There are 2 protein chains.
Amino acid sequence: MSRSYAQYCPLARALDVVGDRWAMLVVRELSFSPKRFTDLEQRLDGIAPNLLSRRLKELEAAGVVDRRRLDPPAAATVYELTEKGRGLETAMFELAKWGIGFLGAFEGGEAFNLEWLIPALEEMADRDAARGVWEVYEFRIDDASFWVRVEDGDVTVRAGRAAEKVDLLVETDLETFLGIGFGTIVPEDAAAGGRTRITGDAAKAEKALDILAPVRRIFSRA
Amino acid sequence: MSRSYAQYCPLARALDVVGDRWAMLVVRELSFSPKRFTDLEQRLDGIAPNLLSRRLKELEAAGVVDRRRLDPPAAATVYELTEKGRGLETAMFELAKWGIGFLGAFEGGEAFNLEWLIPALEEMADRDAARGVWEVYEFRIDDASFWVRVEDGDVTVRAGRAAEKVDLLVETDLETFLGIGFGTIVPEDAAAGGRTRITGDAAKAEKALDILAPVRRIFSRA
DNA sequence: CTGCATCCGCTTCGATACTG
DNA sequence: CAGTATCGAAGCGGATGCAG
């Protein structure tokens, strides 16, 4: 473990646990789904393997992360969040919302994962456009997926598959999805080009696009 | 600035700004009130002055902290949070709530400030005891103060003086306050010993004690 | 192939001393 | 009071190697 702040303070204690470099980003990754060592190494570009190893041990010792060995056929070790680790999600969410203000335009050259933008999707959704709408959307982009619950002006966005029945399912690849986000691809073209499959009502798809549209602001380069 | 994670992710961006050692604790201190360099140095026991200097510059550059020079009579520089900095409070609050689980019993030997426990006071307050109660309490302990708003089962605790009219004002010193928290001092004795001044109804004081009592759990050494 | 351990150069941190 | 200067220690990043 790294040097403690030695303060009898809840915030300092939290930072003793997840305040070290990379620690909270490890938790972020595991908050989307359990992962293997090499998965983490790949998604946390630039982390040294020994450091990742150390962080996982520290987080395990603190009861935040659990190490689970899979059965022989899939001989692998996966790391996943414990209940305590999942308790950190609210705080990470708030921190991420605050971080939106520092995002700036996406210029490339930085690592990127769709799941990382989920707090931004939720924070920036157009609540007015969502008024009177009660629906659940699911998006599948390459391997990743997220879903959106719209409840009359209230919008929730979460990683993973929707547990409930979805009214609209959008399947596409990352390039197309970002293209729509950037505004360089018109949704109709994406659908026509066969790179996007929409299961559900076209009107619903348009409404979904309206609700999520403000996210484009963070991509804008003008 | 320190090394960036180089990820297009709101959380990583937030950590680029306040993820370095001591950075968030500097913000925590300023969230209670504006402070001078030496005040911060003292309350962040163990921080090196050059590091504090760096952090303040970085936070100022990021627009989180503002440096303000006071007029000649009080020749001093004070640091305070900007609007953006104050926006971090929610996230810090959530992080602190999560950190309560790692607090453990207070054994001494660690730095301590009453204000640090405010998230714990709020989180652990007895909502059932607060049902049907609509009141505002203010506590003044040595130089520090905090206030509690009880609204029929809803309890809010904040640092500083209450803006509204208070129904109960408790003034005491830290030793006595902690003694009551530890359970080593009975409130009646504290009042009788003249070390505590209570302005307001005795019945209200007792109710306040009931509502805030669960905090004792984190002090308990048994 | 996964999950690390080791080594090494570099960056950041921490403690003390010192100055406008 | 509000920092800057200095320097040793610790932590980090990148490359490589290796065992299960």
Side-chain angles (χ1 to χ4, degrees), chain A residues 1-7 12 15-26 29-30 33-61 65-80 109-111, chain B residues 1-7 12 15-26 29-30 33-62 65-80 110-111:
Chain A
M1 208 202 313
S2 104
R3 172 172 277 257
S4 160
Y5 285 113
Q7 295 183 351
L15 294 174
D16 281 342
V17 175
V18 290
D20 283 342
R21 190 160 170 78
W22 292 110
M24 210 181 291
L25 297 188
V26 169
E29 288 308 317
L30 297 180
S33 70
K35 286 184 175 57
R36 290 174 305 176
F37 189 91
T38 39
D39 298 332
L40 288 168
E41 204 176 358
Q42 183 192 349
R43 293 180 57 119
L44 300 174
D45 188 51
I47 191 172
N50 58 349
L51 190 54
L52 176 56
S53 175
R54 267 194 54 167
R55 291 289 177 268
L56 286 169
K57 276 177 198 155
E58 290 163 358
L59 291 171
E60 194 187 357
V65 158
D66 215 26
R67 164 191 314 241
R68 189 157 48 91
R69 230 162 269 283
L70 293 184
D71 299 327
T77 313
V78 291
Y79 299 89
E80 59 190 351
E110 288 196 313
Chain B
M1 211 200 312
S2 102
R3 175 171 278 258
S4 160
Y5 285 112
Q7 295 183 349
L15 292 175
D16 281 343
V17 176
V18 291
D20 283 344
R21 192 160 171 78
W22 293 108
M24 209 181 291
L25 297 188
V26 169
E29 288 308 319
L30 296 180
S33 70
K35 286 184 174 58
R36 291 174 302 176
F37 190 91
T38 38
D39 297 333
L40 289 168
E41 203 177 357
Q42 183 190 350
R43 293 182 59 119
L44 299 174
D45 188 51
I47 192 174
N50 58 350
L51 192 53
L52 177 56
S53 176
R54 268 196 56 167
R55 291 290 176 268
L56 286 169
K57 276 178 198 156
E58 290 163 358
L59 291 170
E60 193 186 357
V65 158
D66 215 28
R67 167 192 311 241
R68 188 158 50 89
R69 229 163 269 283
L70 293 184
D71 299 325
T77 313
V78 292
Y79 297 90
E80 59 191 349
E110 286 197 314

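Only this structure's heavy atoms are used, side chains among them; waters, hydrogens and symmetry mates stay out. Model, not experiment: these values are computed from the prediction. Each chain gets a letter, A, B and so on, in the order the sequences are listed, and its residues count up from 1.
- Not one side-chain nitrogen or oxygen of B:Arg36 sits closer than 4.0 Å to the OP1 or OP2 atom of D:dG3.
- Atom CD in B:Glu41 sits about 10 Å away from atom C1' in D:dC1, given to the nearest Å.
- Within the structure, every side-chain polar atom (N or O) of A:Trp22 is placed at least 4.0 Å from both OP1 and OP2 of D:dG11.
- Distance from the side chain of B:Arg54 is smallest for C:dC13 among the nucleotides C:dC13, C:dC4, D:dT4.
- For B:Arg68, the salt bridge (charged side-chain N to carboxylate O under 4.0 Å, His left out) partners are B:Glu80, not counting sequence neighbours.
- Between B:Tyr5 and the phosphate of D:dG13, there is no side-chain N or O to OP1/OP2 separation shorter than 4.0 Å.
- As rounded to whole Å, 15 Å separates atom C1' of C:dC13 from atom CG of B:Leu25.
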Per-nucleotide protein contact string for nucleotides 14-20 of chain D (B base, S sugar-phosphate only, - none; heavy atom under 4.0 Å): BB-----

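- Remark: side-chain polar atoms of A:Asp16 are paired, donor with acceptor, to backbone N or O of A:Tyr5 under 3.5 angstrom.
- Taking the side chain as every heavy atom from C-beta outward, A:Arg43 and A:Glu29 approach each other to under 4.5 Å.
- Phosphate contact (OP1/OP2 of C:dC4, side-chain N/O of A:Arg67, threshold under 4.0 Å): present.
- The side chain of A:Arg21 lies closest to D:dC12, out of C:dG3, D:dC12, D:dT4.
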Worked check of side-chain contact (heavy atoms from CB on, under 4.5 Å) between A:Asp39 and A:Val78: CA-CA 9 Å; A:Asp39 298 332; A:Val78 291; over 6 Å; no

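- Note: A:Lys35 NZ to A:Gln42 CD = 10.5 Å, rounded to the nearest 0.5 Å.
- Across the protein-nucleic acid pair, B:Asp39 atom CG and D:dC1 atom P stand 8 Å apart, rounded to whole Å.
- In this structure, A:Glu41 and A:Pro49 approach most closely via the heavy-atom pair OE2-CB, 3.6 Å.
- Atom CG of B:Leu52 is separated from atom P of C:dA15 by 14 Å (rounded to the nearest Å).
- An OP1 or OP2 oxygen of C:dA5 is reached within less than 4.0 angstrom by a side-chain nitrogen or oxygen of A:Lys57.
- Taking a 6.0 Å sphere around CG of A:Asn50, one finds it holds more than 12 heavy atoms contributed by other residues, nucleotides or ligands.
- Summarising the geometry, the separation between CG on B:Leu40 and C1' on D:dC1 is reported as 13 Å, rounded to the nearest angstrom.
- Residue B:Leu15 contributes atom CG, which lies 14 Å from atom P of D:dC12 at whole-angstrom precision.
- If you measure from atom CZ of A:Phe37 to atom C1' of C:dG3, you get 6 Å, rounded to the nearest angstrom.
- The A:Leu51 side chain lies nearest to D:dG13 when the options are C:dC13, D:dG13, C:dC4.
- Using a 4.5 Å heavy-atom cutoff, the side chains of A:Val65 and A:Arg55 are not in contact.
- Side-chain nitrogen and oxygen atoms of A:Ser53 include at least one within less than 4.0 Å of the OP1 or OP2 phosphate oxygen of C:dA5.
- The nearest whole Å value for the distance from the CD atom in B:Glu60 to the P atom in D:dG3 is 10 Å.
- For the pair A:Thr38 and C:dG3, the criterion of a side-chain N or O lying under 4.0 Å from OP1 or OP2 is met.
- No contact: B:Arg69 has no heavy atom under 4.0 Å from any strand.
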